Protein chains: 2
Amino acid sequence: MAATMKDLSRETGLGLATISKYFNGGTVREKNRVLIEAAVKKLHYVPNEVARSLKTSHTRVIGVIIPELSNAFITSIISSMEDILRKQDYAVIVCDCRSDPKREKEAVDFLLHRRVDGLINMATDTTGAHLKAPLASGIPVLLVDRLIDSLQGKVSAVVIDNVHAAGQAVQKLTSLGHRQIGLILGSPNLYTTNQRLTGYLNALQDAGIAPDNEYIRYGDYTMDGGYQAAQELLKLKNRPTALFVTNFEMTLGTMLALQHNNIRVPEDLSVIGFDKLELFGEIFPDLTLIRQPQLSIGREAANLMLDMLSSKETGVSRIVTLTTELTEGKSVKALKV
Amino acid sequence: MAATMKDLSRETGLGLATISKYFNGGTVREKNRVLIEAAVKKLHYVPNEVARSLKTSHTRVIGVIIPELSNAFITSIISSMEDILRKQDYAVIVCDCRSDPKREKEAVDFLLHRRVDGLINMATDTTGAHLKAPLASGIPVLLVDRLIDSLQGKVSAVVIDNVHAAGQAVQKLTSLGHRQIGLILGSPNLYTTNQRLTGYLNALQDAGIAPDNEYIRYGDYTMDGGYQAAQELLKLKNRPTALFVTNFEMTLGTMLALQHNNIRVPEDLSVIGFDKLELFGEIFPDLTLIRQPQLSIGREAANLMLDMLSSKETGVSRIVTLTTELTEGKSVKALKV
DNA sequence: GCCTAAAAGCGAAACGTTTTATTTATTCTA
DNA sequence: TAGAATAAATAAAACGTTTCGCTTTTAGGC
């Protein structure tokens with residue numbers, strides 16, 4: 001049905017190799033160029049990437065495996081990644097594994113069958129077992145947002161400095177006199193959860209404050225979870241004077257919980273949130289928060305992947321650590337001592 | 001590097017065709033089956049989908065073009081679609097065109113080059129010009145969420161009955177005595193926007209109420225837009241007694257605006273929202289809203305696409321219209337007359 | 001105009017599968 | 001146990017590109 005290069009060859013009277021050269025940026029005599037272009041138009045020729053892939057043994061497809069597609073932070077990273085990759089003519093196959101390691105492994109196999117040129121993974125399986133095969137096959141593998149201990153030195157990654165980010169937020173609070181600081185974390189055992197907890201604990205220690213487990217809650221990185229965690233913290237007999245919430249959805253949930261309870265920010269309670277997404281826009285313009293550069297994360301990941309694809313040196317591990325920013329708002333007040 | 005069927009053939013002493021038959025479900029003598037499986041294990045053979053695609057001239061890839069990846073309604077549809085398609089061994093290439101018709105057209109071309117087996121599109125370009133080529137090429141094209149007039153009869157689609165959905169909501173309000181009903185719509189000229197507006201106007205007419213343009217606002221389908229639109233409606237001298245908000249993000253924005261203004265729902269103002277997404281969870285359990293079955297939309301779309309792929313009849317147009325549901329909460333009160 | 005160097009064009013093989021038409025092996029019947 | 005009928009295995013061609021090693025054409029200098 002569709003026209004092939006062979007048809008172009010017949011139509012123009014030129015050799016197949018010449019047609020191919022034309023499409024691959026080689027030089028072709030002016031009159032032949034015209035001839036070819038006319039034939040392309042006439043026959044509605046569209047190059048067959050599949051055949052090209054078979055021959056060149058690269059597909060210009062990147063597999064992206066994520067825990068959840070319904071997460072604003074993740075989609076904004078993917079968005080910026082996809083944008084850059086597509087501009088370089090790379091397609092992105094997204095696999096949502098619903099935070100299930102089994103599905104994640106299946107996704108890896110699925111993508112490997114399809115001979116993707118590279119793999120970008122926001123990992124669910126914290127052991128890294130699922131990445132054995134792709135690593136062995138020699139294709140570039142890139143972790144995003146979450147490192148995996150056992151893969152250290154074997155894999156590249158783009159992350160933020162979570163310890164520092166959390167430390168910065170908490171230190172801000174302690175420096176203003178807060179000593180009872182509620183922390184709302186994501187799911188236990190995740191890399192980011194652990195790192196942010198570490199940052200929190202470090203900052204408390206620096207301020208000479210003993211941590212209280214009552215103040216540490218896990219909100220599953222969902223709006224609902226954040227809402228619940230905030231509710232619980234508010235019910236404590238010894239209610240915290242400040243809250244540090246460690247992602248976007250949970251921050252939203254927390255703010256809603258506060259509003260439902262008629263708690264004023266910062267008069268009654270100080271809050272530092274996490275992630276500035278477009279959604280926030282004008283709605284909480286006064287929120288003090290830790291801003292993760294999700295656009296940069298996506299951009300760095302895409303560019304790092306492109307680098308890895310074009311450099312022959314395989315098995316090199318590069319870790320890009322991006323820094324977060326504390327955006328001052330009006331949701332934190334100094335405690336009168 | 002990677003093992004091929006030819007290697008298996010050499011290893012087992014069997015013919016290439018036999019190996020192929022084995023992989024494609026043909027019958028093979030027991031001892032040969034064992035032989036092949038051993039060789040597969042030994043050589044770490046992984047089938048090359050690219051070669052297979054070239055030969056069979058289908059790629060088992062579906063292209064999905066959407067206006068925006070950062071939209072909870074859209075990602076929840078994609079999520080459920082991807083799930084079903086991947087189970088049938090179809091990969092999904094997602095292209096986010098940022099609501100830009102030019103990018104949308106580019107995405108179509110991009111996917112066509114890659115010889116996707118089918119195209120699913122939540123269309124940005126309301127003229128449908130971008131779908132000419134794929135339609136002509138004979139691959140299945142499926143619209144989701146938004147119809148395109150000029151393509152009627154030429155293309156299949158999965159949509160909800162927007163006119164009815166909006167009518168249902170507004171009729172609920174009028175039946176309870178509301179006559180000043182604010183409407184917060186998405187971007188002008190979109191299919192869903194127009195349809196929902198029609199449903200609103202119909203219901204007003206049925207109730208003998210003359211529409212007031214002041215009450216009709218466009219919130220761009222974003223949380224921010226919804227927030228702004230609500231703010232504006234609240235400032236009207238003749239403030240509406242009820243609000244109907246036509247998507248998830250804007251509903252969220254509206255609720256925040258109400259909370260910021262200390263307006264109680266439903267005591268001070270009745271609200272009917274749109275879209276029940278997981279995010280909502282426990283947070284607004286009492287919100288009355290129109291529930292779009294996004295999981296079903298994704299499922300129906302995936303299944304319809306699979307149908308189209310397996311049936312030879314090309315160019316048949318099937319429109320699946322799903323119904324919405326009015327979920328009663330406590331955010332609407334009857335007006336004392 | 002002739003010769004040479006450089007540029008452009010060419011045929012054929014290859015990438016890793018599937019498939020068709022054919023050959024070979026197996027099973028069953030009598 | 002021969003022969004027919006059936007089941008399984010096979011070789012070779014094809015899918016639409018790229019690329020290698022050669023041949024032909026062109027342009028330039030004298």
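If you're wondering where the values come from, they're calculated on a predicted model, not measured in any experiment. We name chains A, B, ... by the order of the sequence lines, and we start the count at 1 in each one.
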- prompt: What does B:Ser53 touch in the nucleic acid at a heavy-atom separation under 4.0 angstrom: a base, only the sugar-phosphate, or nothing?
  reply: nothing
message: Under 4.0 Å, counting only non-hydrogen atoms across every strand here, what does B:Val28 touch: a base, just sugar-phosphate, or nothing?
response: sugar-phosphate
Would you call [X] and [Y] a salt bridge, using N to O less than 4.0 angstrom?
{"X": "A:Asp307", "Y": "A:Arg318", "answer": "yes"}
{"X": "B:Arg114", "Y": "A:Asp89", "answer": "no"}
{"X": "A:Arg33", "Y": "A:Glu30", "answer": "yes"}

Over how many whole Å does the gap from [X] atom [atom1] to [N] atom [atom2] extend?
{"X": "A:Asn24", "N": "D:dC20", "atom1": "CG", "atom2": "C1'", "value": "15 Å"}
{"X": "B:His113", "N": "D:dG16", "atom1": "NE2", "atom2": "C1'", "value": "15 Å"}
{"X": "A:Arg114", "N": "C:dT17", "atom1": "CZ", "atom2": "C1'", "value": "15 Å"}
{"X": "A:Leu8", "N": "D:dT18", "atom1": "CG", "atom2": "P", "value": "12 Å"}
{"X": "B:Arg33", "N": "D:dA9", "atom1": "CZ", "atom2": "P", "value": "12 Å"}
{"X": "A:Asn48", "N": "D:dA14", "atom1": "CG", "atom2": "C1'", "value": "14 Å"}
{"X": "A:Arg60", "N": "D:dT17", "atom1": "CZ", "atom2": "C1'", "value": "15 Å"}
{"X": "A:Met5", "N": "C:dA14", "atom1": "CE", "atom2": "C1'", "value": "14 Å"}

Between [X] and [Y]: side-chain donor-acceptor atoms closer than 3.5 Å:
{"X": "B:Glu82", "Y": "B:Tyr90", "result": "no"}
{"X": "B:Asn71", "Y": "B:Thr75", "result": "no"}
{"X": "A:Ser79", "Y": "A:Asp83", "result": "no"}
{"X": "B:Tyr221", "Y": "B:Glu68", "result": "no"}

field: B:Lys55 vs A:Val46, nearer the 5' end of DNA chain D by closest nucleotide
entry: B:Lys55
query: Would one find a side-chain N or O of A:Thr27 under 4.0 angstrom from OP1 or OP2 of C:dA7?
result: no
query: Is the shortest side-chain N/O distance from A:Arg29 to OP1 or OP2 of C:dA8 below 4.0 Å?
result: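 No, A:Arg29 has no side-chain N/O under 4.0 Å of OP1/OP2 on C:dA8.
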query: Between A:Asn32 and A:Leu54, which has a closest nucleotide on DNA chain C that is more 5'?
result: A:Asn32
Heavy-atom closest contact (B:Val50 atom, A:Leu54 atom, distance):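 Taking every non-hydrogen atom into account, CG1-N, 3.5 Å.
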Salt bridge (Lys or Arg N to Asp or Glu O under 4.0 Å) pairs, two or more places apart, involving residues 39-54 of chain A: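 The answer is A:Glu11-A:Lys42, A:Glu49-A:Arg52.
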message: Can you pull out the residues from residues 11-23 of chain B that lie within a 4.0 Å heavy-atom distance of DNA chain C?
response: B:Leu16, B:Ala17, B:Ser20
query: How bent is the helix from C:dG1-D:dC30 to C:dA30-D:dT1, comparing axes over its five end pairs at each side, to the nearest 10°?
result: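 Roughly 30°, once rounded to the nearest ten degrees.
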